[in-house]
Amino acid sequence: MKFYEQGLAYRKGSYVNWCPSCQTVLANEQVVQGGTCERCHAQVTKRQLTQWYFRITAYAERLLEDMEALAGKWPDRVLTMQRNWIGRSVGAWVDFEIEGREEPVRVFTTRPDTLYGATFMVIAPDADLAGELVAETCRDEFEAYLEKTKLATEIERQSTEREKTGVFLGRYAINPVTGGKIPIWSADYVLAEYGTGAIMAVPAHDQRDLDFARKFGLPVQMVIDTGEADPAQSGIATPGDGTYVNSELLNGLTDKVSGVERICGKLAEDGRGEAAVTYRLRDWLLSRQRFWGCPIPIIHCPVDGEVPVPEDQLPVELPDLRGADLAPKGTAPLASVPEWVNTTCPKCGGPARRDVDTMDTFVDSSWYYFRYCSPGLDSAPFDIAEVAKWMPIDQYVGGVEHAILHLLYSRFFTKVLFDLGMIDFTEPFTRLMNQGQVINRGKAMSKSLGNGVDLGAQIDQFGVDAIRTTVVFAGPPEEDIDWADVSPSATVRFLQRAYRVANDVSSPIGADPTTGDLELRRTVHRTMGEITDLLELRRFNVCVARLMELVNATRKAIDTGVGSADPAVREAAEFTALGLSLFAPYVAEEMWELLGQPPSIAEATWPTIDPELRAAQTVTMAVQVQGKVRAKIEVPADISDADAEAAALADEGVIRALAGRSVAKVIVKAPRMVSIVPGA
RNA sequence: GCGCGAGUGGCGGAAUGGCAGACGCGCUGGCUUCAGGUGCCAGUCCUGGCAACAGGGUGGAGGUUCAACUCCUCUCUCGCGCACCA
């Protein structure tokens with residue numbers, strides 16, 4: 001309702017995307033890969049329908065600008081996809097007079113400086129303008145062409161390989177700078193949705209226009225001399241910079257910037273155009289012909305037209321249609337429920353009808369996170385104070401498949417709510433990570449594909465801890481994992497090993513760890529320290545690997561001399577349980593109880609790492625001779641460069657590798673590395 | 001075509017420019033077991049060698065460096081995104 005009040009929600013008739021399999025319209029963002037449906041991947045077709053839209057285009061510039069604040073915090077890939085989707089281009093509007101018509105036709109061009117070379121005009125066949133302009137003598141041919149265009153699938157239409165097609169509309173426009181008569185054609189290489197659906201064609205300097213001109217024998221006029229062959233002869237357009245020619249006002253200029261500036265100045269002066277910015281982004285088609293969705297809160301009155309449902313009657317709820325067939329059939333299911341549809345006009349009290357379309361699920365997902373801040377609230381969608389406290393979301397996790405859908409829509413919603421003064425921030429998600437997907441039988445698992453692994457069955461078989469740990473251990477969170485590569489049973493074994501370690505501890509609760517085995521304690525503190533760092537870096541798969549090492553080391557200590565009664569073993573088991581609690585909370589809780597620790601591991605604090613124990617006492621120093629490792633020497637961690645060098649040069653293996661040669665240079669990175677460069 | 005991302009054992013994957021292959025799977029041999037499984041021990045990049053050890057090795061070709069999976073140039077392959085946007 002707020003969007004409607006702001007003029008950001010409106011209804012219009014247009015050619016829209018239609019999914020024949022889902023039996024509903026789709027937003028442009030929901031048409032993917034060669035014109036297929038995002039949901040079911042059926043070929044999307046076009047239909048002329050009246051639908052509801054959100055005016056997201058009004059926010060194009062801000063959606064673009066505000067991405068600067070997201071740089072480095074969102075994956076570049078997503079930012080690039082949004083930038084391309086918004087598709088800002090700088091150029092000019094140019095108005096062309098039409099012979100025998102009052103109203104001029106406006107086109108958008110990024111190259112107003114080539115206006116003198118505009119030798120014909122092309123209009124998208126499915127743009128209303130084409131139908132308005134076509135001369136009676138050409139109408140039949142045009143109608144046939146339009147039909148063919150509508151039938152062509154997106155994939156055919158988008159193919160660059162495709163030969164140009166088109167029809168002459170029998171009309172002429174006037175080039176506003178040359179005054180010359182130029183023919184108006186219609187061709188499907190011009191898109192109805194972009195700009196005004198009409199272009200000025202400059203064949204000499206645009207390959208697409210040139211291909212079209214050559215096919216249909218239209219004139220080619222070079223207006224920039226780039227030093228390359230004349231496009232009229234070569235068939236290769238020259239879009240680059242050069243010296244303007246055949247362009248009265250521009251002749252002699254050599255740079256595009258001043259060319260564009262001068263033409264735009266001239267157009268503005270004559271009232272025939274102006275500098276302009278356009279966007280590829282289209283308004284968001286939000287209405288759907290489905291039952292399951294929020295009804296659009298508008299009442300259609302024969303007297304008052306569109307009337308908003310009063311705020312105290314919101315939200316409009318769906319009728320109870322239990323038992324009815326709700327499968328989408330191409331028309332709004334709500335239309336067939338007269339007792340729901342028929343209502344009275346809030347304005348005049350006369351009979352009126354509710355809007356029967358529902359909103360796309362992406363409308364809901366664009367602001368669910370605000371609702372999550374105050375889920376129990378009855379009187380409003382969300383509590384402004386609660387949202388102020390919790391939002392924006394610090395770290396969001398979601399798949400790239402939402403790059404130009406959910407993630408763009410949510411940014412739009414947030415900006416609108418900001419403008420309404422309901423929130424005080426303009427971006428919903430401060431940081432974003434794209435997690436990988438789980439692949440099964442060659443495809444990302446999805447409900448609609450039905451190739452999901454039955455998690456319930458997996459959990460019954462292996463336990464929820466094992467499944468969660470298995471997924472985490474399978475690889476970095478950003479990468480896809482193939483379910484065929486994972487091994488829940490191996491994780492079960494690991495968790496059992498960890499559990500047994502806790503079970504074997506026989507030292508009393510509270511035993512002083514400092515009296516325990518020093519070597520084991522060093523391992524424990526070093527490993528836990530590393531895990532702590534890895535968690536910050538979100539390297540969870542490596543964390544699990546380190547926990548495995550910890551369990552192995554503790555097991556070995558118990559079995560070989562240190563013994564289960566050593567307090568260091570207790571410390572190791574407690575640390576392991578704490579580390580494990582992040583991935584396998586139930587097993588960790590059981591371990592915690594076995595270790596006799598107080599109520600719940602969920603309330604325990606992260607272990608304190610002793611920096612002295614963590615710091616290695618001795619390290620294995622590698623010695624390279626001419627880049628090859630020739631010796632590994634155990635040295636104190638605090639060894640001096642001089643001592644390290646001396647130890648390296650005294651090593652038997654190093655002496656052998658030097659084979660009597662002198663030492664030309666020694667690079668010492670104590671205590672890790674000594675590199676020796678032999679001389680002659 | 002343009003733009004990203006990724007190429008490391010049989011597999012998933014580890015490695016602030018500093019010991020390539022951590023950890024796990026799988027596999028091989030052994031112990032335990034009536035048996036299977038579990039558990040435990042040993043081995044597992046390639047070549048030569050009983051071994052010590054030597055040589056080679058991170059898609060390919062060059063380069064920078066004492067030292068390159070890591071940085072640079074070119075190239076190949078795969079994946080993803082965009083694709084007649086005027």
Side-chain angles (χ1 to χ4, degrees), chain A residues 32-34 75-81 83-85 87-89 91 94 107-112 114 118 121-122 124 155 157-162 164 187-202 205-209 211-212 239 278-282 400-401 403-404 470 473-476 478-482 484-494 496-497 500 533 539 541-552 555 559 619-632 653 656-657 664-669 672-678:
Chain A
V32 297
Q33 301 157 357
D76 286 344
R77 189 161 54 135
V78 173
L79 294 176
T80 305
M81 283 168 76
R83 200 171 290 121
N84 292 342
W85 185 256
R88 183 180 198 267
S89 2
V94 184
V107 304
F108 179 75
T109 176
T110 53
R111 295 301 301 273
T114 61
M121 178 180 273
V122 188
I155 203 158
R157 188 165 174 177
Q158 285 175 355
S159 167
T160 357
E161 319 293 286
R162 192 159 157 260
K164 296 278 184 288
D188 66 1
Y189 81 93
V190 173
L191 308 173
E193 314 87 60
Y194 188 74
T196 59
I199 63 152
M200 63 179 220
V202 184
H205 307 294
D206 183 290
Q207 192 60 50
R208 298 158 297 180
D209 296 343
D211 293 343
F212 191 81
T278 60
Y279 301 90
R280 211 184 83 126
L281 183 69
R282 302 291 84 195
V400 247
E401 68 273 17
I404 53 162
T470 298
F473 183 56
E478 294 85 352
E479 300 288 317
D480 287 352
I481 61 173
D482 196 316
D485 295 330
V486 305
S487 176
S489 59
T491 314
V492 171
R493 285 204 293 273
F494 160 60
Q496 284 171 343
R497 269 172 83 82
R500 279 200 305 274
D533 295 344
R539 304 180 43 102
N541 56 326
V542 189
C543 286
V544 175
R546 295 290 170 263
L547 284 167
M548 288 171 171
E549 290 175 34
L550 196 51
V551 169
N552 291 343
R555 180 80 257 163
D559 293 344
V619 274
T620 307
M621 182 175 76
V623 185
Q624 296 182 342
V625 177
Q626 210 161 22
K628 286 188 197 305
V629 176
R630 294 300 178 177
K632 293 175 188 182
R656 187 160 10 105
K665 192 178 174 187
V666 181
I667 294 107
V668 184
K669 298 277 177 196
R672 305 185 58 87
M673 171 69 56
V674 173
S675 186
I676 298 165
V677 188

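Just so it is clear: chains get the letters A, B, ... in the order the sequence lines come, proteins before strands, and each one is counted from 1.
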Regarding the side chain of A/Arg280, the nearest nucleotide among B/G39, B/A83, B/G56 is B/A83
Which part of the nucleic acid, if any, lies within reach of A/Thr278 when heavy atoms closer than 4.0 Å are counted: base, sugar-phosphate only, or nothing? nothing
Judged by nearest nucleotide, the residue sitting upstream toward the 5' end of RNA chain B, A/Phe494 or A/Thr80, is A/Thr80
Taken to the nearest whole Å, CG/A/Asp482 to P/B/G24 is 22 Å
Per the glycosidic torsion and the 90° limit around 0, nucleotide B/G37 is anti
Query raised in the report: Is the number of heavy atoms from other residues, nucleotides or ligands under 6.0 Å of A/Arg282 CZ greater than 12?
Result: yes
In Watson-Crick or G-U wobble terms, with both distances under 3.5 Å, the base opposite B/G10 is B/C25
So CE of A/Met621 and CE of A/Met673: to nearest 0.5 Å the spacing works out to 9.5 Å
Here the distance between atom P of B/U38 and atom CZ of A/Arg500, to the nearest Å, is 12 Å
Which of B/C4, B/C25, B/C19 is nearest the side chain of A/Ala622? It is B/C19
Between CG of A/Leu79 and P of B/G5 the distance, given in whole Å, is 13 Å
Check: Would you say A/Ser89 reaches B/A86's phosphate, i.e. side-chain N/O to OP1/OP2 under 4.0 Å?
Finding: yes
Check: Does the cation-pi check pass for A/Lys164 over A/Phe212, that is, NZ or CZ under 6.0 Å from the six-membered ring centre and within 45° of its axis?
Finding: no
Base, sugar-phosphate, or nothing for A/Arg88, non-hydrogen atoms under 4.0 angstrom? nothing
- Task: Name the nucleic acid region contacted by A/Arg656, choosing base, sugar-phosphate or nothing; use a 4.0 angstrom heavy-atom cut-off, strictly under.
- Result: sugar-phosphate
Taken to the nearest whole Å, CG/A/Asp480 to P/B/G5 is 17 Å
When rounded to whole Å, the CZ to P distance for the pair A/Arg497 and B/U38 reads 14 Å
To the nearest angstrom, the CD-P distance between A/Glu478 and B/G5 comes to 14 Å
Among B/G24, B/G56, B/G39, the one nearest any side-chain atom of A/Lys628 is B/G56
Distances under 3.5 Å only, N/O to N/O: pair up the protein atoms with those of nucleotides 64-70 of chain B.
from  : atom 1 : to       : atom 2 : distance (Å)
B/C66 : O2     : A/Ser675 : OG     : 2.5

Atom CD1 of A/Ile404 and atom P of B/C80 are separated, to the nearest Å, by 16 Å
(message) Can you classify the ring geometry of A/Phe108 versus A/Tyr194 as parallel (below 30°), tilted (30 to 60°) or perpendicular (above 60°)?
(response) perpendicular
Anything under 3.5 Å between a protein N or O and an N or O of nucleotides 21-23 of chain B, put it in a table, one pair a line.
from  : atom 1 : to       : atom 2 : distance (Å)
B/A22 : O2'    : A/Glu549 : OE2    : 3.2

Less than 4.0 angstrom between a side-chain N/O of A/Arg539 and OP1 or OP2 of B/G13, yes or no? no
*asked:* Once you apply a heavy-atom cut-off of 4.0 Å, does A/Asp206 come out as touching a base, just sugar-phosphate, or nothing?
replied: nothing
A/Arg77, CZ: over 12 other non-hydrogen atoms inside 6.0 angstrom: no
Among B/C53, B/G13, B/A86, the one nearest any side-chain atom of A/Tyr194 is B/A86
Looking only at B/G18, B/C80, B/A86, the nucleotide nearest the A/Thr110 side chain is B/A86
*Would you call A/Asp206 and A/Thr114 a side-chain contact if the rule is heavy atoms closer than 4.5 Å?*
no
By the Watson-Crick or G-U definition, both distances under 3.5 Å, B/C69 is matched with none
- Item | Distance test, side-chain N/O of A/Arg83 to OP1/OP2 of B/C82, below 4.0 Å | no
Q. Going by distance alone, is a donor N or O of one side chain under 3.5 Å from an acceptor N or O of the other, for A/Arg280 and A/Asn84?
A. no
Considering only heavy side-chain atoms of A/Asp485, the closest of B/G12, B/C40, B/A86 is B/G12
Among B/U38, B/A15, B/C19, the one nearest any side-chain atom of A/Val629 is B/C19
Does A/Val107 form a side chain to side chain contact (heavy atoms under 4.5 Å, CB included) with A/Met121? I'd like the steps, not just the answer.
CA-CA 9 Å; A/Val107 304; A/Met121 178 180 273; 4.0 Å; yes
Rounded to whole Å, CD1 of A/Ile481 lies from P of B/G79 at a distance of 20 Å
Measure from the side-chain N and O atoms of A/Arg630 to the backbone N and O of A/Arg656, and report whether any donor-acceptor pair falls under 3.5 Å. no
